[in-house]
Amino acid sequence: MPGIRRSAIVVEAERRAQERRARLGGEIKAMRARRKWSQTELGERSGLGRMVVSRLERSEVQLDLQTLDRIGLALGVPLAVGFDRDLQQDVADAGHLAMQELTLRITRAAGFEARFEMATRPNDPSRSSDIGLAIDQLHLAIDVECWNTFGDLGAATRSSRRKVFELEQLAVGRWGEEGRARLVWIVRESARNRALMARYPEIFASVFTGSSRAWVETLMTGSEPPAEPGLVWCDLATGRLHAWNRSHRLGNSRGR
């Protein structure tokens, strides 16, 4: 009706719809041409008729999902429809990122040089520590691996050992023969992780032989860490790191 002002959303939706019609029309035409089909043949295969196909390719018809589904199925390229990522939705690895954020804050306060996703093999960025720590006065680098949930435990352990080996080479390059590297896992304290660790206590005990209490002290104060790999709990609710109790076979995580 004259005099009625259209909202910005209506105007933007119409603009996007026109762009979408033009893009999909061009895609339909290109896919049809690659198959050496005429508009009549595609119309017959989709049950829509030549005129509908022609109007689709010229962006002269309003799009509806059923029509596009029929075109896609006829071409053997099923339609995919979806919204962009909801900006109000948290990122997929939010729990993991929260652990990294907490660890960076704690270790930087303790005097460590702390790097997010630090490459342990400079020519291969895919090989990186969740957090790489360094402290010059100790000639020490630490590979910190943060675990929100576990997948393949064996693969994770092997990957961590490779990273520590690579990190030690970087430490020697930085500090000479005195350069060293250590490994610590920071595990999110959750019912699922507690249950998993309680199910495989000997595996965890054999891998993480370093004092958990001492590792917490290292991360909190920048003190000399144990020589052996360590594992500590991360409580995101309180923003604390605390020790894993190996002596209780992980049934109770408080203490050493």
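In this chain, numbering begins with 1 at the start of the sequence shown.
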Novice: Could you check if a side-chain atom of Thr218 sits within less than 4.5 angstrom of a side-chain atom of Glu224, using non-hydrogen atoms only?
Specialist: no
Novice: So, Ser54 and Arg58: side-chain donor and acceptor under 3.5 Å apart, yes or no?
Specialist: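 Side-chain D/A pair, Ser54 to Arg58: present.
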Novice: If you link I, L, V, M, F, W and Y whenever their side-chain heavy atoms are under 4.5 Å apart, who else ends up in the same group as Leu73?
Specialist: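 Joined to Leu73, directly or through intermediates: none.
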Novice: Over all heavy atoms of both residues, which pair between Gly222 and Ala110 is shortest? Give the atoms and the distance, please.
Specialist: N-CB, 3.7 Å
Novice: Share the residues that join Leu170 in a hydrophobic cluster, the rule being Ile, Leu, Val, Met, Phe, Trp or Tyr side chains under 4.5 Å apart at the heavy-atom level.
Specialist: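 Besides Leu170, the cluster holds Met118, Leu167.
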Novice: Who pairs with Glu113 by side chain to side chain donor-acceptor pair (under 3.5 Å), at least two apart in sequence or on another chain?
Specialist: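 Residues passing side chain to side chain donor-acceptor pair (under 3.5 Å) with Glu113: Arg115, Arg174.
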Novice: Verify the neighbour count for atom CZ of Phe165: are there more than 12 heavy atoms of other residues, nucleotides or ligands below 6.0 Å?
Specialist: no
Novice: Kindly compute the distance separating OG (Ser38) from CZ (Arg32), expressed to the nearest 0.5 Å.
Specialist: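 CZ of Arg32 is found 7.0 Å from OG of Ser38.
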Novice: Does the distance from a Lys or Arg side-chain N to an Asp or Glu carboxylate O, for Arg15 and Glu19, drop under 4.0 Å?
Specialist: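 A salt bridge is present here (some side-chain N lies under 4.0 Å from a carboxylate O).
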Novice: Is there a chain of hydrophobic side chains (I, L, V, M, F, W, Y, each step under 4.5 Å between heavy atoms) that links Val184 to Leu236?
Specialist: yes
Novice: Can you tell me if Gln100 uses its side chain to pair, donor with acceptor, with the backbone of Phe116 under 3.5 Å?
Specialist: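 Not confirmed, Gln100 side chain does not pair with Phe116 backbone.
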Novice: Might you work through the salt bridge (charged side-chain N to carboxylate O under 4.0 Å, His left out) test for Glu166 and Arg162, ending with a clear yes or no?
Specialist: CA-CA 6 Å; Glu166 293 165 357; Arg162 285 195 300 269; 5.8 Å; no
Novice: Which atoms form the tightest heavy-atom contact between Cys234 and Ile186, and what is the distance?
Specialist: CB-CG2, 3.5 Å
Novice: Provide the full list of salt bridge (Lys or Arg N to Asp or Glu O under 4.0 Å) pairs with a residue in residues 145-155, sequence neighbours left out, each pair given once.
Specialist: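 Residue pairs with at least one partner in residues 145-155: Glu145-Lys163.
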Novice: Do side-chain atoms of His96 reach the backbone of Cys146 as a donor and acceptor pair under 3.5 angstrom?
Specialist: yes
Novice: Look only at the side chain of Asn193 and the backbone of Arg188, and say whether a donor-acceptor pair between them is shorter than 3.5 Å.
Specialist: yes
Novice: Just wondering, more than 12 heavy atoms not from Glu60 lying within 6.0 Å of its CD?
Specialist: yes
Novice: Kindly give the heavy-atom pair with the smallest separation between Ala114 and Leu133, and that separation in Å.
Specialist: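 Looks like CB-CD2, 3.5 Å.
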Novice: With rounding to the nearest 0.5 angstrom, report the CD to CZ distance, Glu27 to Arg20.
Specialist: 11.5 Å
Novice: Do Glu12 and Arg16 meet the salt-bridge criterion of a basic N to acidic O distance under 4.0 Å?
Specialist: yes
Novice: Is Arg180 salt-bridged to Glu168, cutoff N-O under 4.0 Å?
Specialist: no
Novice: Can you hop from Trp215 to Leu102 via hydrophobic side chains spaced under 4.5 Å?
Specialist: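 They do share one cluster, since a chain of ILVMFWY contacts under 4.5 Å joins Trp215 to Leu102.
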Novice: Just to verify, what does Phe208 make a ring pair (Phe, Tyr, Trp, His ring centres under 6.0 Å) with, not counting sequence neighbours?
Specialist: Trp185
Novice: According to the side-chain hydrogen bond (donor to acceptor under 3.5 Å, both in side chains) rule, which pairs have a member within residues 65-83, sequence neighbours left out?
Specialist: Asp64-Thr67
Novice: Can you list everything that forms a side chain to side chain donor-acceptor pair (under 3.5 Å) with Ser7? Sequence neighbours excluded, please.
Specialist: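 Side chain to side chain donor-acceptor pair (under 3.5 Å) check on Ser7 returns nothing, list empty.
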Novice: Excluding sequence neighbours, so at least two apart, what forms salt bridge (Lys or Arg N to Asp or Glu O under 4.0 Å) with Arg21?
Specialist: none
Novice: Would Gln39 and Lys29 satisfy side-chain contact (heavy atoms from CB on, under 4.5 Å), going step by step from the backbone distance to the final call?
Specialist: CA-CA 9 Å; Gln39 290 180 341; Lys29 183 175 181 179; over 6 Å; no
Novice: Could you report the tightest heavy-atom contact between Ser211 and Ala214, atom names first, then the distance?
Specialist: OG-N, 3.1 Å
Novice: Give, for atom OG1 of Thr149 and atom CG of Leu196, the distance between the pair rounded to the nearest 0.5 Å.
Specialist: 10.0 Å
Novice: Is it true that Glu41 and Arg50 make a salt bridge, defined as a side-chain N closer than 4.0 Å to a carboxylate O?
Specialist: no
Novice: Judged by atom type as modelled, is there a donor-acceptor pair below 3.5 Å linking the side chain of Ser212 to the main-chain atoms of Leu231?
Specialist: yes
Novice: Taking ILVMFWY side chains as joined if any heavy atoms are under 4.5 angstrom apart, and letting links pass through other members, which residues group with Leu42?
Specialist: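 Its cluster mates, by chain and number, are Leu24, Ile28, Met31, Trp37, Leu48, Val52, Val53, Leu56, Val61, Leu63, Leu65, Leu68, Ile71, Leu75, Val77, Leu79, Val81.
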Novice: Residues two or more places apart in sequence or in another chain: which of them pass side chain to side chain donor-acceptor pair (under 3.5 Å) with Thr221?
Specialist: Ser223
Novice: Would you please test Asp143 and Thr120 for side-chain contact (heavy atoms from CB on, under 4.5 Å) and show each step?
Specialist: CA-CA 9 Å; Asp143 172 26; Thr120 56; 5.5 Å; no
Novice: Could you check Phe112 against Thr103 for side-chain contact (heavy atoms from CB on, under 4.5 Å), going step by step and ending with a plain yes or no?
Specialist: CA-CA 11 Å; Phe112 283 103; Thr103 303; over 6 Å; no
Novice: Do the side chains of Trp175 and Leu183 join up, straight or via other hydrophobic residues, at under 4.5 Å, putting them in one cluster?
Specialist: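 Result: no, two separate clusters.
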Novice: Just to verify, which of Thr107, Val232, Ile106 counts as forming a side chain to side chain contact (heavy atoms under 4.5 Å, CB included) with Met220?
Specialist: Ile106
Novice: Transitive ILVMFWY cluster of Val10 at side-chain heavy atoms under 4.5 Å: who else is in it?
Specialist: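 Via sub-4.5 Å side-chain contacts, Val10 links to none.
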Novice: If every non-hydrogen atom of Glu117 is compared with every non-hydrogen atom of Ser128, which pair is closest and at what distance?
Specialist: OE1-OG, 3.0 Å
Novice: For side-chain contact (heavy atoms from CB on, under 4.5 Å), just list the numbers for Glu177 and Val172, CA-CA rounded to whole Å, side-chain angles, deciding distance to a tenth of an Å, and then say yes or no.
Specialist: CA-CA 5 Å; Glu177 294 183 359; Val172 170; 5.5 Å; no
Novice: If the condition is side chain to side chain donor-acceptor pair (under 3.5 Å), which residues does Arg34 pass it with, not counting sequence neighbours?
Specialist: none
